[in-house]
> 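After the structure tokens below, expect a handful of questions from me.
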Amino acid sequence: MAWRIRQLIDGWVILVAALWGVNRPVSAHAAPNLSALQPTLFFHGSDSSYRAEIHMVGAIKHAGLSNKRSVIRANVAGNGKVRLIGKLTKRTKNPIVEVNYLRSSYKADKTWGRWAKNVVVKLQKTYHFKRLNLVGHSMGNTAILYYLVHNARNRHLPQVMKQVALGGHCDGVLGEGDYPHRLKLARSGRPNYMTASYRYLLALRKCYPRSAAVLNIYGDLKNGTDSDGRVSNASSRSLRYLVVRAHRYRDRQVVGARAQHSRLHNNAQVDRLLMRFLWPKR
């Protein structure tokens, strides 16, 4: 009788072990540890998608600085959940992440910042990155800045090494509380007028990562408005006052028809500035 009971117990143990082997979750080690690499995350603007990032990413690949296997997408749902599309391998060269907000019409600044953190955390858990670069166009810059306001001092998250702002509206948008020539900057970069959002971002003056170098690219249509048609140059350049702690900061102006706000991410001059800044030794 005891022998029969022992036989039944052994059978159950084998069955449970078999079922666990079939249904257990995929090991975290399924993705390679790429902690030595420094990915570049692209954040698009409002009412847009990752497609706005395709031109810049294409230019980077064409220059041989990255390749098709090194580009993945991070889809962010309206509830903030992140799904990675594509996989990086140990052969990855200068990994690129095209961030894609599926509810880009939702314009709450803090929410965009939380979504940005979700992307960073997902990438860190998957590939163990320790450093990263951040590139934003228009509202994508807001996502980055709000992410940094709340997480720049979080030592458990990857360190920001380089930030590129493209058509950033740090202190207002034309037609939405701002108008040409209203905003003036002091020698320090401090604006004479601050929106509620800008005042909130002033916290960056005390927490912006000292490790980061910043490139601020803005467009000027040269039509007398000192703007890219959507954002005044002063609003874009007011970024300098916020990131005063950065170890390096550069302003770069682009002009002409392709300097229009919505065309900045399809501009060859912008591509060159971007690549020269992110990967100077190439």
> Please check if any side-chain donor atom of Y218 sits under 3.5 Å from a side-chain acceptor atom of D251, or the reverse.
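Y218 vs D251: no donor-acceptor pair found between side chains.
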> I'd like to know if the side chain of R199 reaches the main chain of M194, judged simply by a donor and an acceptor atom lying under 3.5 Å from each other, with no hydrogens or angles considered.
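Confirmed, R199 side chain pairs with M194 backbone.
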> Using the rule given for side-chain contact (heavy atoms from CB on, under 4.5 Å), can you reason through Y200 versus K110, listing the C-alpha separation, both sets of side-chain angles and the distance that settles it, and then say yes or no?
CA-CA 10 Å; Y200 188 88; K110 293 180 182 178; 3.6 Å; yes
> Between D228, L166, L264, which is the residue that forms a side-chain contact (heavy atoms from CB on, under 4.5 Å) with V254?
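It is L264; the other options fail the test.
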> Working to the nearest 0.5 angstrom, can you tell me the gap between L84 CG and I72 CD1?
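Going from CG on L84 over to CD1 on I72, the span is 5.0 Å.
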> How about N67 and S70: does a side-chain donor come under 3.5 Å of a side-chain acceptor?
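Side chains of N67 and S70: pair found under 3.5 Å.
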> Heavy-atom distance under 4.5 Å between the side chains of R210 and H247, does that happen here?
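Heavy-atom side-chain distance check fails, nothing below 4.5 Å.
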> Cation over ring, R182 on Y193, under 6.0 Å and within 45°?
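So R182 does make the cation-pi contact.
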> Would one find more than 12 heavy atoms of other residues, nucleotides or ligands at under 6.0 Å from atom NE2 of H156?
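Open.
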> Is T126 reaching over with its side chain to a backbone N or O of L123, donor-acceptor style, under 3.5 angstrom?
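Such a contact is absent between T126 side chain and L123 backbone.
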> Between V164 and I217, is the side-chain contact (heavy atoms from CB on, under 4.5 Å) condition met? List the steps.
CA-CA 7 Å; V164 179; I217 304 174; 4.2 Å; yes
> Rounded at 0.5 Å granularity, tell me how far NZ in K61 sits from CD1 in I54.
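Between K61 NZ and I54 CD1, I get 8.5 Å after rounding to 0.5 Å.
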> Would you confirm whether W112, through its side chain, and Y106, through its main-chain N or O, come within 3.5 Å as a donor-acceptor pair?
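Checking the backbone N and O of Y106 against the side chain of W112, a donor-acceptor pair under 3.5 Å is found.
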> Look only at the side chain of S227 and the backbone of G229, and say whether a donor-acceptor pair between them is shorter than 3.5 Å.
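Confirmed, S227 side chain pairs with G229 backbone.
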> How long is the straight-line distance from CD of Q269 back to CZ of R258, given to the nearest 0.5 Å?
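One gets 12.0 Å once the value is rounded to the nearest 0.5 Å.
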> So, do R230 and E176 sit near enough that their side-chain heavy atoms are less than 4.5 Å apart?
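When only atoms from C-beta onward are counted, E176 and R230 do touch, with a gap below 4.5 Å.
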> Heavy-atom distance under 4.5 Å between the side chains of M56 and D271, does that happen here?
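Yes, their side chains come closer than 4.5 Å.
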> What's the separation between atom OG1 in T111 and atom CZ in R103, rounded to the nearest 0.5 Å?
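The distance works out to 8.5 Å.
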> Is S232 close to L174 at the side-chain level, that is, under 4.5 Å between some pair of heavy atoms?
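Yes; the side chains approach each other to less than 4.5 Å.
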> What's the shortest heavy-atom distance between Y127 and G86, and which atoms?
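Taking every non-hydrogen atom into account, OH-O, 4.1 Å.
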> Is atom NZ of K107 surrounded by more than 12 heavy atoms (other residues, nucleotides or ligands) closer than 6.0 Å?
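It does: K107 NZ has more than 12 such atoms within range.
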> Contact between L242 and Y208 at the side-chain level, heavy atoms closer than 4.5 Å - yes or no?
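Counting from C-beta outward, L242 and Y208 never come under 4.5 Å.
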> Looking only at non-hydrogen atoms, find the nearest pair between M275 and A63 and report the distance.
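M275 and A63 have their closest heavy atoms at SD-CB, 3.7 Å.
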> Is there a path of hydrophobic side-chain contacts, each under 4.5 Å between heavy atoms, that joins L41 and V57?
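Each belongs to a different hydrophobic cluster.
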> Check for a donor-acceptor pair, side chain of D171 on one end and backbone N or O of T195 on the other, with a separation under 3.5 Å.
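Yes.
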> Is there a side-chain contact between V135 and L274 (heavy atoms, below 4.5 Å)?
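Side chain of V135 against side chain of L274, heavy atoms only: contact under 4.5 Å found.
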> Determine, step by step, whether L148 and C207 satisfy the side-chain contact (heavy atoms from CB on, under 4.5 Å) criterion, reporting the C-alpha distance in whole Å, the side-chain angles of both residues, the deciding distance to 0.1 Å, and the verdict.
CA-CA 8 Å; L148 290 172; C207 71; over 6 Å; no
> Measure across Y101 and H44 and return the closest heavy-atom pair with its distance rounded to 0.1 Å.
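Residues Y101 and H44, closest heavy atoms: N-NE2, 2.9 Å.
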> Measuring from atom NZ of K122 to atom CZ of R83, what distance do you get when rounded to the nearest 0.5 angstrom?
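K122 NZ to R83 CZ: 10.0 Å, rounded to 0.5 Å.
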> Which atom names give the shortest non-hydrogen contact between G78 and W115, and what distance separates them?
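Nearest pair, atom of G78 first, then W115: O-CZ2, 3.7 Å.
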> Say whether L37 and V160 are linked into one hydrophobic cluster, either directly or through other cluster members, by side-chain heavy-atom distances under 4.5 angstrom.
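Yes, L37 connects to V160 through the hydrophobic network.
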> Backbone N or O of K93 within a donor-acceptor pair of the S66 side chain at under 3.5 Å?
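Checking the backbone N and O of K93 against the side chain of S66, a donor-acceptor pair under 3.5 Å is found.
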> Measure across N141 and G167 and return the closest heavy-atom pair with its distance rounded to 0.1 Å.
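Answer, listing the atom of N141 first, then G167: ND2-C, 3.9 Å.
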> Could you tell me whether a side-chain N or O of Q38 sits under 3.5 Å from a main-chain N or O of N133, the two making a donor and an acceptor?
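No: the side chain of Q38 does not pair with the backbone of N133.
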> Work out which heavy atom in N233 is nearest to a heavy atom in G219; give both atom names and the distance.
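That would be ND2-O, 2.8 Å.
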> Working to the nearest 0.5 angstrom, can you tell me the gap between I85 CD1 and N100 CG?
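The CD1 atom of I85 sits 9.0 Å away from the CG atom of N100.
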> Has H169 got a side-chain atom pairing as donor or acceptor with V231's backbone, closer than 3.5 angstrom?
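No, the answer is negative, given that no donor and acceptor are paired below the 3.5 Å cut-off.
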> With hydrophobic residues grouped by side-chain heavy-atom distances under 4.5 Å, do Y179 and L221 end up in a single group?
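In one cluster with Y179: L221, no.
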> Is there a side-chain contact between L145 and Q163, using heavy atoms and a 4.5 Å cut-off?
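Yes - at least one pair of side-chain heavy atoms lies under 4.5 Å apart.
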> Judged by atom type as modelled, is there a donor-acceptor pair below 3.5 Å linking the side chain of H181 to the main-chain atoms of D226?
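Checking the backbone N and O of D226 against the side chain of H181, no donor-acceptor pair under 3.5 Å is found.
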> Is L34 linked to W279 within one hydrophobic cluster, defined over Ile, Leu, Val, Met, Phe, Trp and Tyr using a side-chain heavy-atom separation of less than 4.5 Å?
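No, separate clusters.
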> Under a plain distance cut-off of 3.5 Å, with no hydrogens placed, do Y146 and S197 share a side-chain donor-acceptor pair?
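Present: a donor and an acceptor within the cut-off.
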> Treat each ILVMFWY residue as a node, draw an edge where side-chain heavy atoms are under 4.5 Å apart, and state whether I144 and Y198 are in one component.
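Result: yes, single cluster for both.
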> Ignoring hydrogens and geometry, is there a side-chain-to-backbone donor-acceptor pair from K162 to L278 under 3.5 Å?
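Checked: pair present.
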> When you look at H265 and R51, which way does the side-chain contact (heavy atoms from CB on, under 4.5 Å) test go after all the steps?
CA-CA 10 Å; H265 53 70; R51 296 183 185 280; over 6 Å; no
> Heavy-atom distance under 4.5 Å between the side chains of L157 and K117, does that happen here?
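In short, these two side chains touch, coming nearer than 4.5 Å.
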